[in-house]
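Input: a single structure, listed below in structure tokens.
Residue numbers count from 1 along this sequence.
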Amino acid sequence: MTLLEENNIVLSRTQRMKDFVKSWALPVICFVVFWLIFKFVLMTSIIPTQSMYPTLSAPCFTVGVRTDVLNKSYERGDIVLFQRDDGNERFYAKRIVGMPGDVLEIKHGQTYINGVEYEESYLNETPEDLDFGPFQVPEDHYFMMGDNRNDSWDARFWENTWVTKDKLIAKVLFRYYPFNKMGVIH
């Protein structure tokens with residue numbers, strides 16, 4: 001074998017390696033970028049129950065922005081993913097109804113915040129005739145309720161009524177399944 005033939009073989013191997021790297025570089029980079037985004041910025045979740053119906057019907061697949069990324073605080077009406085201080089690792093999806101410092105009361109199923117009737121246009125039916133409170137939401141805590149009030153195991157029934165700020169994981173922004181209801185969450 002001549003020196004020229006040996007050089008061509010080495011060049012051929014080098015070219016094949018370059019071609020291999022080029023063909024896989026974009027998919028690997030995309031995978032790493034998507035992994036980083038979903039590890040640190042976004043959170044996907046599956047809502048398995050009807051507790052947030054009609055806003056989120058079961059099963060519903062959502063995307064939320066992680067709390068660490070949000071530069072603003074949560075607002076009343078936000079749907080959030082959180083964990084409770086109940087010893088399990090499950091994530092829950094509920095709507096923030098009570099903010100830190102609010103005085104909440106439920107009379108005959110109607111929610112009052114700081115003495116004013118709270119308008120909840122997202123409710124699908126009239127809530128059951130229940131009374132709850134009045135009570136004040138502690139600082140750095142939130143009071144959560146499901147949109148399907150008559151079929152939601154939420155803060156009204158939990159032993160530890162409040163969700164602490166550090167247990168809020170993400171704000172739900174987008175629903176991507178079911179496809180006929182895909183879109184931004186209000």
Side-chain angles (χ1 to χ4, degrees), residues 35-107 109-123 127-128 130-176 184-186:
W35 180 81
L36 289 171
I37 287 172
F38 282 95
K39 179 73 175 169
F40 299 107
V41 179
L42 301 177
M43 179 178 183
T44 60
S45 64
I46 300 170
I47 311 302
T49 69
Q50 292 288 350
S51 70
M52 288 301 296
Y53 182 81
T55 309
L56 303 174
S57 57
C60 180
F61 297 75
T62 65
V63 174
V65 176
R66 291 184 181 272
T67 302
D68 301 341
V69 176
L70 290 174
N71 288 330
K72 64 176 195 150
S73 59
Y74 289 99
E75 298 175 4
R76 183 182 337 280
D78 287 347
I79 297 174
V80 296
L81 301 172
F82 60 95
Q83 289 181 301
R84 293 179 40 215
D85 283 327
D86 62 355
N88 72 47
E89 298 295 315
R90 272 189 271 180
F91 292 97
Y92 296 86
K94 302 286 182 207
R95 190 177 297 271
I96 294 176
V97 175
M99 301 291 290
D102 282 346
V103 174
L104 261 83
E105 184 172 16
I106 299 173
K107 294 188 231 175
Q110 177 59 51
T111 304
Y112 293 84
I113 299 173
N114 301 321
V116 178
E117 187 174 327
Y118 182 49
E119 179 63 38
E120 298 176 286
S121 60
Y122 44 81
L123 296 181
E128 292 176 357
L130 298 174
D131 292 334
F132 189 75
F135 56 86
Q136 185 168 15
V137 180
E139 284 304 313
D140 293 326
H141 290 73
Y142 296 86
F143 184 81
M144 310 291 190
M145 288 199 288
D147 289 359
N148 188 0
R149 294 290 156 76
N150 298 335
D151 192 22
S152 177
W153 182 256
D154 54 36
R156 297 170 296 167
F157 308 107
W158 301 336
E159 185 176 330
N160 187 358
T161 305
W162 322 112
V163 176
T164 59
K165 187 176 185 176
D166 66 320
K167 293 292 187 180
L168 301 180
I169 309 297
K171 177 181 175 180
V172 176
L173 296 178
F174 187 77
R175 169 184 45 227
Y176 61 95
V184 176
I185 305 294
H186 303 290

4.5 Å side-chain heavy-atom contact, [X] and [Y]:
| X | Y | answer |
| --- | --- | --- |
| Tyr92 | Arg84 | yes |
| Leu130 | Phe157 | yes |
| Val172 | Val80 | no |

Salt-bridge test for [X] and [Y]: reply yes if a basic N is under 4.0 Å from a carboxylate O, no otherwise.
| X | Y | result |
| --- | --- | --- |
| Arg95 | Asp78 | no |
| Glu120 | Arg149 | yes |
| Lys107 | Asp131 | no |

Shortest non-hydrogen contact from [X] toward [Y]:
| X | Y | answer |
| --- | --- | --- |
| Lys167 | Asp85 | CE-OD1, 2.8 Å |
| Met144 | Leu168 | CE-CD2, 3.4 Å |
| Tyr142 | Pro100 | CE2-CD, 3.6 Å |
| Ile113 | Val97 | CD1-O, 3.4 Å |

Is a side-chain donor or acceptor of [X] paired with a backbone partner of [Y] at a separation under 3.5 angstrom?
| X | Y | answer |
| --- | --- | --- |
| Gln136 | Gly101 | yes |
| Glu105 | Gln110 | no |
| Glu117 | Tyr112 | no |

Q) What's the verdict on side-chain contact (heavy atoms from CB on, under 4.5 Å) for Met43 and Val63, showing C-alpha distance, side-chain angles and the deciding distance? A) CA-CA 6 Å; Met43 179 178 183; Val63 174; over 6 Å; no
Find the distance between [atom1] ([X]) and [atom2] ([Y]) and round it off to the nearest 0.5 Å.
| X | Y | atom1 | atom2 | result |
| --- | --- | --- | --- | --- |
| Phe82 | Arg90 | CZ | CZ | 11.5 Å |
| Arg156 | Glu128 | CZ | CD | 7.5 Å |
| Trp162 | Phe143 | CH2 | CZ | 6.5 Å |
| Leu56 | Tyr122 | CG | OH | 12.5 Å |
| Asp166 | His141 | CG | NE2 | 8.0 Å |
| Asn114 | Met99 | CG | CE | 11.0 Å |

Side-chain donor-acceptor pairs under 3.5 Å in residues 44-52, sequence neighbours left out?
| residue | atom | partner | partner atom | Å |
| --- | --- | --- | --- | --- |
| Ser45 | OG | Thr62 | OG1 | 2.4 |
| Thr49 | OG1 | Ser51 | N | 3.4 |
| Thr49 | OG1 | Ser51 | OG | 3.3 |
| Ser51 | OG | Lys94 | NZ | 3.0 |

Q. Got a sec: does the OH of Tyr53 have more than 12 other heavy atoms crowding it under 6.0 Å?
A. no
(Q) Is there a side-chain contact (heavy atoms from CB on, under 4.5 Å) between Thr55 and Ile79? Walk through the geometry before answering. (A) CA-CA 10 Å; Thr55 309; Ile79 297 174; 3.6 Å; yes
(Q) Would Leu123 and Met145 count as a side-chain contact (heavy atoms from CB on, under 4.5 Å) here? Give the steps. (A) CA-CA 11 Å; Leu123 296 181; Met145 288 199 288; over 6 Å; no
**Q.** ring-ring contact (aromatic ring centres under 6.0 Å, His included) involving Phe61 - partner list, sequence neighbours excluded
**A.** Tyr176, Tyr177
Q) Does the cation-pi check pass for Arg66 over Phe40, that is, NZ or CZ under 6.0 Å from the six-membered ring centre and within 45° of its axis? A) no
